Chemist: 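Okay, here's the structure, questions in a sec.
Just so it is clear, the structure is predicted and the values come from calculations on it, not from any experiment. In this chain, residues are counted from 1 in sequence order. Side chains included, hydrogens not; waters and symmetry mates left out as well; all remaining heavy atoms used.
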Amino acid sequence: MVCIRPATIDDLLQMQRCNLLCLPENYQLKYYFYHILSWPQLLHVAEDYNGKIVGYVLAKMEEEAADPVHGHITSLAVARTHRKMGIAAKLMTATREQQQRRRLQAT
């Protein structure tokens, strides 16, 4: 069982670790900092019962010249040990809900 929750600064190292283990395209830690400082409500993690981050979604909003305002998923990863459990769908749902709130606030 995992818990989907908003990411915090304290989660960034584990998010990067999950990225390194799961995906071929990897990001430097400063990229995670940039996202959490710019769009803190759009980063979510899947945390197992031991407190280990087993998945994450990294998202952002295009707010400046975009009409209508829209969002992007930068990265989505789930550890192999936790796949086929609907975790990615839950992470996407959490982020999509926050993107929709953000879009409504921008109009």
Chemist: Among L43, I73, L42, which one satisfies side chain to side chain contact (heavy atoms under 4.5 Å, CB included) with V57?
Modeler: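 With V57 as partner, side chain to side chain contact (heavy atoms under 4.5 Å, CB included) holds for just one option, I73.
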Chemist: Do M85 and V54 share a hydrophobic cluster, counting only Ile, Leu, Val, Met, Phe, Trp and Tyr and linking them when any side-chain heavy atoms are less than 4.5 Å apart?
Modeler: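 Yes, it is one cluster - the side chains of M85 and V54 are joined through contacts under 4.5 Å.
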Chemist: Does the D48 side chain pair with the main chain of I53, one donor and one acceptor, at a distance under 3.5 Å?
Modeler: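 Here the side-chain-to-backbone pair does not exist.
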Chemist: Is there a side-chain contact between L13 and L29 in this structure, where contact means two heavy atoms from C-beta onward sitting under 4.5 Å apart?
Modeler: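 Contact flag for L13/L29 side chains = yes.
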Chemist: When hydrophobic residues are tied together by side-chain contacts of less than 4.5 Å, even through go-betweens, does L23 share a cluster with Y31?
Modeler: yes
Chemist: If you look at every heavy atom in Q99 and A59, which pair is closest and at what distance?
Modeler: NE2-CB, 3.9 Å
Chemist: Would D11 and R17 pass as an ion pair if we require N to O under 4.0 Å?
Modeler: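 A salt bridge is absent here (no side-chain N lies under 4.0 Å from a carboxylate O).
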Chemist: Could you tell me whether the side chain of R80 and the main chain of C22 form a donor-acceptor pair under 3.5 Å?
Modeler: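 Here the side-chain-to-backbone pair does not exist.
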Chemist: Rounded to the nearest 0.5 Å, what separation is found between the OG1 atom of T74 and the OH atom of Y34?
Modeler: 9.0 Å
Chemist: Are M15 and I87 connected in a single hydrophobic cluster, I mean Ile/Leu/Val/Met/Phe/Trp/Tyr linked by side-chain heavy atoms less than 4.5 Å apart?
Modeler: no
Chemist: Heavy atoms, side chains only, cut-off 4.5 Å: are H44 and Q98 in contact?
Modeler: yes
Chemist: CZ/F33 to CD/Q28 distance, rounded to the nearest 0.5 angstrom?
Modeler: 12.5 Å
Chemist: Can you give me the closest heavy-atom contact between I36 and A7, atom names plus distance?
Modeler: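 Smallest interatomic distance, heavy atoms only, reads CD1-O, 3.9 Å.
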Chemist: Applying the 4.5 Å side-chain criterion to the ILVMFWY set and letting contacts propagate, would I9 and L58 be lumped into a single cluster?
Modeler: yes
Chemist: Mind checking the NZ-CH2 spacing from K60 to W39? Nearest 0.5 Å is all I need.
Modeler: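 If we round to the nearest 0.5 Å, K60:NZ and W39:CH2 are 5.5 Å apart.
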Chemist: The test is side-chain contact (heavy atoms from CB on, under 4.5 Å); show your working for L76 and L91 and say whether it passes.
Modeler: CA-CA 8 Å; L76 173 68; L91 287 166; 4.0 Å; yes
Chemist: In Å, rounded to the nearest 0.5 Å, how long is the span from NZ of K30 to CD of Q16?
Modeler: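 Reported to 0.5 Å precision, the distance equals 12.0 Å.
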Chemist: Check this for me: does any side-chain nitrogen of one of K52 and E47 sit under 4.0 Å from a carboxylate oxygen of the other?
Modeler: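 No, K52 and E47 are not salt-bridged.
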Chemist: State whether a side-chain donor-acceptor pair under 3.5 Å links Y27 with S75.
Modeler: no
Chemist: Hydrophobic cluster membership, with links at side-chain heavy-atom distances under 4.5 Å among I/L/V/M/F/W/Y: are L21 and L12 in one?
Modeler: no
Chemist: With a 4.5 Å limit on heavy-atom distance, are the side chains of V2 and Y49 in contact?
Modeler: no
